[in-house]
Amino acid sequence: MTASTTGKAVSKPADLRASAGIAKTLGQEFGAPVQNAVNTGATVAGQLTGWSVAGGRAHVGTGWSKALVDLQQRLASTAAAATRHP
C-alpha cells in the first residue's frame with residue numbers, strides 16, 4: 001500500500017491478494033479450535049449440571065461460541081471480498 005499525491009492510500013492488487021490469502025488461512029486455521037472450544041464448553045456445562053456454577057459456565061460457552069463463529073465468518077468474508085477485486 002502506498003500513499004498517493006491526494007493523501008489517500010492506494011492498494012495494489014498484489015497487496016489485496018496477499019491480505020486475502022492471510023485472512024483465508026486464518027479463517028481456515030481458526031475453524032478447528034473454534035469448534036473444539038464450542039464442543040468443550042457444552043460438554044463442561046453438561047457435566048456441571050446440578051452445580052451452582054453450571055448456568056454461568058453454559059452462558060460463557062454460548063456467549064463465546066457466537067463471537068468466535070462470527071470472527072471466523074468475517075475472516076472468510078474478508079478473504080472472499082478481497083479476491084473478487086482484480
Side-chain angles (χ1 to χ4, degrees):
M1 188 177 318
T2 60
S4 70
T5 57
T6 62
K8 294 183 180 179
V10 178
S11 295
K12 297 177 187 174
D15 294 339
L16 290 174
R17 284 190 297 275
S19 294
I22 291 168
K24 181 179 179 182
T25 299
L26 285 172
Q28 291 170 340
E29 290 180 359
F30 202 58
V34 165
Q35 192 58 51
N36 187 36
V38 170
N39 293 344
T40 300
T43 299
V44 169
Q47 292 173 343
L48 292 173
T49 300
W51 290 63
S52 62
V53 296
R57 178 61 189 104
H59 179 69
V60 168
T62 56
W64 273 105
S65 72
K66 179 172 176 8
L68 293 172
V69 169
D70 287 351
L71 175 58
Q72 184 183 14
Q73 289 173 347
R74 284 188 69 186
L75 288 168
S77 296
T78 298
T83 56
R84 284 193 293 265
H85 298 289

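Keep in mind that this is a model prediction, so the values were computed, not measured.
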Salt bridge (charged side-chain N to carboxylate O under 4.0 Å, His left out) contacts in which one or both residues fall within residues 23-39, not counting sequence neighbours: none

Mind checking side chain to side chain donor-acceptor pair (under 3.5 Å) for T40 and listing every partner two or more places apart, or none if nothing turns up? N36

Donor-acceptor pairs under 3.5 Å, side chain of residues 43-54 to any protein atom, not counting sequence neighbours: which ones?
{"from": "T43", "atom 1": "OG1", "to": "N39", "atom 2": "O", "distance (Å)": "2.9"}
{"from": "T49", "atom 1": "OG1", "to": "G46", "atom 2": "O", "distance (Å)": "2.8"}

Listed by chain and number, what are the side chain to side chain contact (heavy atoms under 4.5 Å, CB included) partners of A20, not counting sequence neighbours? A82, T83

Enumerate, atom names and distances included, each donor-acceptor pair closer than 3.5 Å involving a side-chain atom of residues 68-75, sequence neighbours excluded.
{"from": "D70", "atom 1": "OD2", "to": "K66", "atom 2": "NZ", "distance (Å)": "2.7"}
{"from": "Q72", "atom 1": "NE2", "to": "G27", "atom 2": "O", "distance (Å)": "3.4"}

